[in-house]
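All remarks here apply to the structure that follows.
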Amino acid sequence: MINSLLQPHAFPGRLIIVEGIDGSGKSTQIRLVQRWLESMKYNVFFTEWNSADLVKKTTKKGKKNRSLTPTTFSLLHATDFAHRLVSNILPPLKAGMIVLADRYVFTAFARDVVRGCDREWVRKVYSFAPKPDIAFYFRVPIETSVQRIMMARQVLKDFEAGMDLNLHPDPVESFKIFQGRILDEYDRMSKEAGFVVMDAIASIAEQQRLVRQVVLDRLTAYNRNPRIA
Ligand code: ADP
């Protein structure tokens, strides 16, 4: 079976993705990139990994009554991703647009492994996903991410804190342990995934300056008005 993630895709569009733990600032950065590209009249499509109705009810139920195993949890998310790929990512890529994705398969690679799935198995499950043209990884210490999340909304969701894994009775402590493991997984896959690693402690403006530089460098061969076959 061909692993699409290992070779550049042949679509006329471009796929730019952001990864990082919660509170790393990835959404802030990708939204700024979106506005910047749009201001230059690029055709941009933004997509984030929010569960589609197709699987939302099942995952919600499974999370609530804790009936999901690492494998069923992973497969449900893979279904969700496949749906997002077919309906949100591939059409604009084929039409030659710049697709900006807030979270991609690497989120699953990190999260599912921390929840107990085999590394190679998860990679095989997602091998149908096209390789991104640019993958930014916003690397931030756990303390910084907790501070940012608490300042913004003051509560941590149970699943985001990994409470189902019984790591610690206190949600903040549990979050730190859980997200710390996710951080380790991201670090581990950095080379394999070809991440552009960002120092996410830096100011929003400074990071955005660097992000734009990378995007400009990598868009040199991009034709914004492709002839669609
Ligand atoms: P993520 O998408 O990684 O969860 P967000 O972009 O939603 O992170 O940012 C989380 C919070 O941190 C938001 O309130 C945002 O305004 C703030 N934030 C983002 N980047 C920075 C930064 N570089 N410095 C300080 N605060 C930031």
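The figures that follow rest on heavy atoms only: side chains count, while hydrogens, waters and symmetry mates do not. All values derive from a computational prediction rather than experimental measurement. Atoms within each ligand, like the ligands themselves, are counted from 1 in listed order.
- The main-chain N or O of Leu75 is found under 3.5 Å from a side-chain atom of Thr79 such that the two form a donor-acceptor pair.
- Cation-pi geometry between Arg209 and Trp36 is not satisfied (NZ or CZ under 6.0 Å from the ring centre, within 45° of the ring normal).
- No side-chain donor from either of Glu143 and Gln147 sits under 3.5 Å from a side-chain acceptor of the other.
- The immediate protein surroundings of ligand 1, defined as residues with any heavy atom under 4.0 Å of it, consist of Ile21, Asp22, Gly23, Ser24, Gly25, Lys26, Ser27, Thr28, Arg148, Ala152, Ala202, Ser203, Ile204, Gln207.
- Cation-pi geometry between Arg224 and Tyr42 is met: the NZ or CZ atom falls under 6.0 Å from the ring centre, inside 45° of the normal.
- A salt bridge links Arg115 with Asp164: at least one charged nitrogen is closer than 4.0 Å to a carboxylate oxygen.
- Counting only distance, with no hydrogens or angles, the side chain of Thr72 and the backbone of Leu68 share no donor-acceptor pair below 3.5 Å.
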